[in-house]
Every structure is written in C-alpha cells, then in structure tokens.
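Right, one structure below, let's go through it.
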Amino acid sequence: MINSQNTAHIPKEAQMSSVVTRFAPSPTGYLHIGGARTALFNWLYARRTGGKFILRIEDTDKERSTPELARAILDGMSWLGMGWDEGPYFQTGRMELYRREADRLLREAKAYRCVCTPEELDARREAAKARGEKPRYDGRCRNLPPATAEGKRSVIRFRTPESGQTVVHDLFRGDVTFEHAELDDLVLIRSDGLPTYNYVVVIDDATMGITHVLRGDDHLNNTPKQILLYESLGYSLPRFGHFPMILGPDGTRLSKRHGAMSVMAYEEMGYLPEAMVNYLVRLGWSHGDQEIFSVDELKKCFTLENIGKSAGKFNPEKLLHLNAHYIKTVDPERIARLLIPFLARKGIEATPSPWLVSVVRTLQERSRTLLEMADSAEYYFREKETDPKAAAKFLTPEIATVFEEIAAAFSALPEFSHAAMDSTLNAIVAKRGGTLKIHQPIRVALTGGTASPGLFEVMEVLGREEVVRRLSKAAKRISSV
RNA sequence: GUCCCCAUCGUCUAGUCCGGCCAAGGACACCGCCCUUUCACGGCGGCGACGGGGGUUCAAAUCCCCCUGGGGACGCCA
C-alpha cells in the first residue's frame with residue numbers, strides 16, 4: 001500500500017488563497033539563526049500568498065521549556081519584524097485534546113500501552129547498535145492484553161504498519177519513499193501523561209488548519225510517521241516542504257560552538273533587522289542574481305520554487321557586509337535613535353536631535369555595525385586620548401604655531417562653513433610655501449586619531465567653538481613638551 | 001551500523017526541470033589599480049568551481065548508474 005498526499009486535484013488558486021503556515025519553536029533555547037530562517041520562510045510565504053501565519057510554542061518538554069525562553073523567541077520574532085496572525089498558542093493549554101485523541105486511537109486499537117521502562121529500552125537500543133542494527137523499538141508490548149498495563153506505569157505507542165511504505169510528496173525534493181519496516185512504534189503519550197512532539201505536531205497542524213508545513217530537513221525522517229498518524233486520526237494532510245538546514249562555517253550542525261547563533265545577540269552587536277532578514281532569506285533561496293531585498297519586496301517575490309536543496313553554511317562575513325549596506329542606506333534619523341543605547345554603553349548620554357543625525361551622517365559610510373559607529377563617534381562627544389603613534393607623527397613642534405594661527409583665523413571667520421574653512425587652510429598653507437601638510441595634524445588634534453570622516457564634515461559637526469578649543473589646546477600641549 | 005537527503009568558485013548562489021545560447025554569470029571574502037585631506041564609500045580589474053568514474057547523445061554542469069564526500073534521522077527531545 002502506498003500512502004500519498006493527494007492535493008493535486010485542488011486548483012492552484014484555491015491553494016493560493018487559503019495558505020496557512022506556522023512557526024512552531026520549542027522554548028528550550030533562544031531564537032537562533034536556523035529557527036529564524038524557518039520562521040521567515042513560513043512568514044514570507046503566508047504574506048506572499050495572502051495567507052495566515054500562526055505562531056505556536058511547542059512546550060511539551062517540561063524539563064527544558066521555560067516561559068523566559070518563550071518570551072525571548074517572541075522578542076526575536078518582533079525584532080525581525082515578523083508578526084503572526086494567530087497565537088502564540090501554547091501546547092500546555094491543549095492537553096485535554098491530546099489525551100482525548102490518544103484515547104480514541106487506543107479504542108480503535110491504532111495505539112497500545114507499553115510497559116517497557118526507559119532503562120530496558122536503553123539497554124535494547126545499545127544492544128541493537130552493537131549488533132549493527134538500526135535501534136528501534138522491538139514492539140514487544142504490541143499485543144499485550146490491555147489488562148496487563150492496568151495499574152502499571154505505561155506509555156501509549158502508535159501501532160505502525162509492519163509492511164508497506166509511505167511516500168512523502170515533498171514540495172522541494174519530490175517523492176521520498178519510506179519502508180514501514182524502517183519505522184518503529186513511536187511514543188504518543190509519555191508515562192507522565194504528557195504528549196510527545198511527533199504526536200502533538202500532527203494534532204496541532206491538523207486542528208489549526210495548517211496547509212503548508214515548511215521546516216528544516218532534519219524533520220524529513222519524521223514525516224512518514226506523521227503522515228501515518230494523520231491517516232489514523234482521519235485528518236487530511238497538509239503539504240510538506242523540507243528545506244536544507246543551515247550549517248556552521250565549518251560544515252557541522254549549528255551550535256553554541258559557532259559563537260553567536262542567537263538572533264538577539266546580533267541586535268546587541270549592532271546589526272539591523274533588515275540585514276539579518278536579507279541575509280537569512282538568501283541562504284537557501286534565490287531570485288536570480290539579486291542580493292538586496294527589502295521586506296516589502298520579499299512579500300511580493302518570495303516563492304517556494306526558488307528554495308534550494310543543498311545545505312548552506314552560515315557566513316558571518318556576508319551578514320556583516322549586508323549590515324554595512326543597510327547602515328549606509330537606512331534613514332539616518334532611525335540610525336540615530338538606534339545608536340543611542342550603544343553610546344550609552346560607552347557612558348555617552350545622547351538624545352535624539354538634528355545634531356545627532358548629522359553625527360550619524362558622517363559615519364554611515366564607514367560603519368559596519370552600530371557598535372562600530374558608536375566607537376567612532378566618541379570624539380564628537382568628548383575628547384579622546386590621542387593615539388601616541390599619531391601624535392608622534394603629526395603633532396610635531398612646528399605645527400603648534402600653525403594650529404594657533406588656524407584657530408585665530410577660524411575664530412574670525414564670518415561663517416564656519418566647509419568652503420570658508422577650506423580656503424582659510426589653503427591660504428595658510430600657501431603663505432608657508434604650499435608644501436605644508438596640514439590635514440592629518442588637524443585630524444589628530446580634533447579626533448585623537450588618523451582615521452575619521454572628511455575633515456570639514458567633522459569640523460562642521462563639532463562646531464567652531466569646539467574646533468578652536470581643541471586646536472588651541474593641542475598647540476599648548478605640543479609647546480609644553 | 002541502518003535509513004533518508006544533498007553535491008557549481010573558500011562561502012552564498014544563477015544556470016539543472018524543457019541537454020546546445022556556459023571557453024559557467026552574480027555576490028561575500030581576498031589581491032591589485034583608480035578616486036582621495038585620512039579612513040571609508042565608490043569604480044575598474046584579478047584570483048577562483050561544475051567531486052570522481054562509467055554510460056545515453058551529434059552535443060552533458062544539465063539525463064541515468066556506481067563510487068566518494070557532506071549532512072540528517074534513528075529518544076518517554078523538539
């Protein structure tokens with residue numbers, strides 16, 4: 001017998017207009033890169049098709065789930081700008097439904113009670129591995145008279161067909177066939193009465209009307225079991241699509257070893273959500289040669305057809321590049337607002353103002369993250385310690401008098417503008433033979449280092465008073481050495 | 001070990017379904033040059049891939065098979 005998801009008869013338009021996707025993370029960790037992309041694909045597909053996107057928290061692992069982590073996942077979703085149309089649903093609130101359906105399966109003999117203990121199961125698994133076999137449940141409680149389990153600690157297992165096969169019609173990979181003989185009798189309800197993942201996911205997806213189950217291909221092997229469950233429960237099947245996982249830069253499964261994998265860690269490092277979204281969407285999906293995508297654009301052009309099949313490696317460099325792109329092109333007023341907490345971390349108090357925006361404008365082209373921007377913005381707010389090497393090279397004794405002359409000339413300027421400063425400097429240089437290199441010394445005196453935005457921009461933002469003050473101060477300091 | 005998936009530059013990928021337009025295109029990184037008051041931005045150029053072997057065909061990155069490599073799953077985790 002071959003089980004199949006038969007949706008081919010449904011007209012394309014009908015499928016399009018009624019798409020329901022979901023993201024179902026378990027609150028046993030933060031929202032990480034991989035999870036975020038899964039959410040993104042589902043969210044984008046729903047948006048693209050005018051469908052619905054549901055958020056569901058899979059909290060049936062009472063050992064590891066915490067409300068704080070559930071909160072953190074929600075925060076991550078919000079930061080990335082992914083809103084959900086329904087939920088978040090929590091599975092812990094749906095226990096009665098899970099038990100009722102399990103009882104039904106039990107009554108129909110599609111499931112049975114198993115009294116094997118975890119210890120026994122472990123031992124058998126090890127033994128099977130030692131023998132070189134696939135470690136599966138051996139089915140010894142399958143035909144136990146129901147009375148045997150009476151009063152004993154037991155789990156409810158699904159009675160998987162012993163022969164035949166199930167084929168998964170995967171949206172991205174085509175048909176994948178699994179022999180039932182390869183599957184074992186999975187646990188539906190644990191001995192403490194809590195349901196397991198493979199079971200609840202089916203009930204939830206079915207009862208919530210999910211039409212497209214789009215998830216990482218680490219779930220592909222679970223799918224035949226779930227299809228069998230759908231059929232036993234009498235539910236109609238959604239369409240399944242398994243996209244490749246994201247691997248660490250070293251090609252192994254993503255984990256803490258790979259450094260910052262939590263999405264929110266990137267916010268703290270000064271990344272913009274649009275950069276993260278853009279990076280994530282291009283990892284495993286493409287649209288010709290296009291690299292830059294706004295969210296609005298994605299809502300129009302994101303398609304399932306362009307999702308690839310091979311696993312991708314997480315590449316922090318490209319994410320950084322994309323972030324630099326957005327730092328550079330996003331509205332400076334917004335950057336200014338976002339920058340404030342980063343400045344605060346350095347002990348710099350700033351408030352939104354046109355001046356702050358002008359600071360940002362000078363730094364947009366040379367900052368790849370908000371963190372970098374805050375670092376290079378420091379001299380606008382307070383004098384920095386002068387880099388000793390820069391001082392040695394540019395703050396030479398003969399420059400002191402030049403600084404004083406410039407300070408005086410600047411003070412006398414009717415207007416402290418780029419053009420006025422430029423011609424003032426040129427005049428002073430010309431007066432001394434025209435070979436004097438004056439820009440770097442001024443830059444060092446003003447910013448404490450040799451790298452900064454255009455000198456005139458810096459001076460305009462700093463303001464005449466501060467420029468004159470720093471120049472005079474530098475002159476005095478040089479002379480006093 | 002068993003089963004499942006995957007395979008184009010170091011990385012993300014276009015091209016593969018409908019074989020010729022591909023002496024394989026774009027992006028990141030790297031290198032060089034130009035622009036330039038520094039650092040950046042930008043522009044131009046360079047380096048760099050169809051994993052191997054068999055088929056099929058007039059023709060294969062594209063279709064088939066095997067091998068190899070990588071990943072995943074095998075829980076009273078999700």
Side-chain angles (χ1 to χ4, degrees), chain A residues 24-29 58-61 63-65 114 116-118 121-122 125 128-137 153-157 168 170 172-174 176-179 181-184 186-198 200-201 216-224 242 244-245 247 249 251-253 279 282-292 305-306 308-322 324 328 363-368 376 390 394 422 425 437-444 447 449-456 458:
Chain A
S26 73
T28 54
E58 311 239 320
D59 57 350
T60 55
D61 181 351
E63 309 280 301
R64 300 187 300 152
S65 300
C114 165
C116 298
T117 65
L121 260 16
D122 273 349
R125 241 192 306 275
K129 271 190 186 170
R131 269 180 274 125
E133 288 166 21
K134 187 167 184 167
R136 315 165 39 235
Y137 175 63
R153 221 179 144 72
S154 65
V155 301
I156 297 178
R157 280 187 192 273
V168 178
D170 193 274
F172 311 133
R173 307 172 191 275
V176 184
T177 305
F178 294 86
E179 295 292 332
E182 287 296 330
L183 276 21
D184 65 355
L186 68 154
V187 171
L188 267 24
I189 305 283
R190 303 166 165 100
S191 55
D192 63 2
L194 289 180
T196 61
Y197 164 76
N198 275 301
V200 281
V201 75
D217 69 11
D218 47 337
H219 286 284
L220 184 55
N221 290 291
N222 288 327
T223 308
H242 295 91
M245 313 185 46
L247 272 22
T252 63
R253 201 190 171 103
Y279 176 71
R282 274 291 285 107
L283 220 184
W285 175 82
S286 61
H287 188 68
D289 282 340
Q290 190 173 345
E291 296 286 350
I292 303 294
E305 292 76 56
N306 300 314
K309 292 188 190 180
S310 48
K313 294 182 183 144
F314 178 70
N315 183 196
E317 307 256 79
K318 188 145 184 182
L319 208 208
L320 220 210
H321 165 80
L322 251 7
K328 192 175 318 169
L363 264 16
Q364 276 178 294
E365 280 191 347
R366 49 211 108 217
S367 308
R368 295 177 301 176
S376 32
F394 295 108
D422 197 10
L425 255 30
K437 293 272 184 276
I438 198 67
H439 298 278
Q440 277 303 73
I442 298 177
R443 173 170 285 114
V444 173
T447 71
T450 54
S452 86
L455 228 209
F456 301 105
V458 171

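By convention in this document, chain letters (A, B, ...) are assigned in the order of the sequence lines, proteins followed by strands, and residues within each chain are numbered from 1. Hydrogens, waters and symmetry mates play no part in the numbers below; they use all other heavy atoms, side chains included.
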Which is true for [X] with a 4.0 Å heavy-atom rule: it touches a base, it touches only sugar-phosphate, or it touches nothing?
X      : answer
A:V155 : base
A:G284 : sugar-phosphate
A:R173 : sugar-phosphate
A:P249 : nothing
A:R253 : sugar-phosphate
A:E133 : base
A:S191 : base
A:D122 : nothing
A:H242 : nothing
A:D422 : nothing
A:K309 : sugar-phosphate
A:C114 : nothing
A:P118 : base
A:Y279 : nothing

Round to the nearest Å and state the distance from [X] atom [atom1] to [N] atom [atom2].
X      : N      : atom1 : atom2 : result
A:K313 : B:rA7  : NZ    : P     : 14 Å
A:R368 : B:rA29 : CZ    : P     : 9 Å
A:Y197 : B:rC76 : OH    : C1'   : 17 Å
A:L220 : B:rC4  : CG    : P     : 10 Å
A:L320 : B:rA40 : CG    : P     : 14 Å
A:L121 : B:rC74 : CG    : P     : 14 Å
A:F178 : B:rA73 : CZ    : P     : 13 Å

Which nucleotide, if any, forms a Watson-Crick or G-U wobble pair with [N], using both distances under 3.5 Å?
N      : value
B:rC76 : none
B:rA49 : none
B:rC21 : none
B:rG10 : B:rC28
B:rU62 : none
B:rC39 : none

Stacking check A:H287 vs B:rA14 (5.5 Å / 30 deg): no
Side chain of [X] only, please: which of [options] is the nearest?
X      : options                : answer
A:T60  : B:rA78, B:rC4, B:rU37  : B:rA78
A:E291 : B:rC5, B:rC12, B:rU37  : B:rC12
A:T252 : B:rU37, B:rG71, B:rC3  : B:rG71
A:K134 : B:rC4, B:rU2, B:rU37   : B:rU2
A:D217 : B:rC5, B:rU38, B:rC12  : B:rC5
A:H321 : B:rG26, B:rA29, B:rU37 : B:rA29
A:K328 : B:rC41, B:rU38, B:rA14 : B:rC41
A:D218 : B:rA14, B:rG72, B:rC28 : B:rG72
A:N315 : B:rC4, B:rU37, B:rU11  : B:rU11
A:N221 : B:rC4, B:rC76, B:rC74  : B:rC4

A:S367 vs A:N198, nearer the 5' end of RNA chain B by closest nucleotide: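 Nearer the 5' end of the strand: A:S367.
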Considering only heavy atoms and no angle criterion, is a donor-acceptor pair shorter than 3.5 Å present between the side chain of [X] and the base of [N]?
X      : N      : result
A:T450 : B:rC39 : no
A:E365 : B:rG42 : no
A:R366 : B:rC39 : yes

Audit row: A:R153, A:D192, salt bridge (Lys or Arg N to Asp or Glu O under 4.0 Å) steps and yes/no: CA-CA 8 Å; A:R153 221 179 144 72; A:D192 63 2; over 6 Å; no
Whole-angstrom distance between [N] and [M], as gauged at atom [atom1]:
N      : M      : atom1 : result
B:rG52 : B:rU8  : P     : 12 Å
B:rA14 : B:rC50 : C1'   : 13 Å
B:rA7  : B:rU13 : P     : 11 Å
B:rG45 : B:rC6  : P     : 38 Å
B:rA40 : B:rC31 : P     : 11 Å
B:rG72 : B:rG25 : C1'   : 32 Å
B:rG20 : B:rU62 : C1'   : 11 Å

Using a cut-off of less than 4.0 Å, is there contact between a side-chain N or O of [X] and OP1 or OP2 of [N]?
X      : N      : result
A:R136 : B:rG75 : no
A:R125 : B:rC76 : yes
A:S286 : B:rA14 : yes

Crowding at CZ, A:R368 (>12 non-hydrogen neighbours, <6.0 Å):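 Counting neighbours around CZ of A:R368, 12 or fewer heavy atoms of other residues, nucleotides or ligands fall under 6.0 Å, so no.
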Ion pair A:E133/A:R125, N-O distance below 4.0 Å: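 Here A:E133 does not pair with A:R125 in a salt bridge, since their nearest N and O are not under 4.0 Å apart.
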Carboxylate-amine/guanidinium contact A:K309 A:D217, below 4.0 Å: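 A salt bridge is absent here (no side-chain N lies under 4.0 Å from a carboxylate O).
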Shortest non-hydrogen separation from A:L121 to A:R157 and the atoms involved: CD2-NH2, 3.4 Å
Worked verdict on A:V458 versus A:T447 for side-chain contact (heavy atoms from CB on, under 4.5 Å): CA-CA 9 Å; A:V458 171; A:T447 71; 4.1 Å; yes
Trace of the side-chain contact (heavy atoms from CB on, under 4.5 Å) decision for A:I442 with A:L425: CA-CA 10 Å; A:I442 298 177; A:L425 255 30; 4.0 Å; yes
ring-ring contact (aromatic ring centres under 6.0 Å, His included) between A:Y197 and A:H219, worked out: CA-CA 11 Å; A:Y197 164 76; A:H219 286 284; 5.5 Å; yes
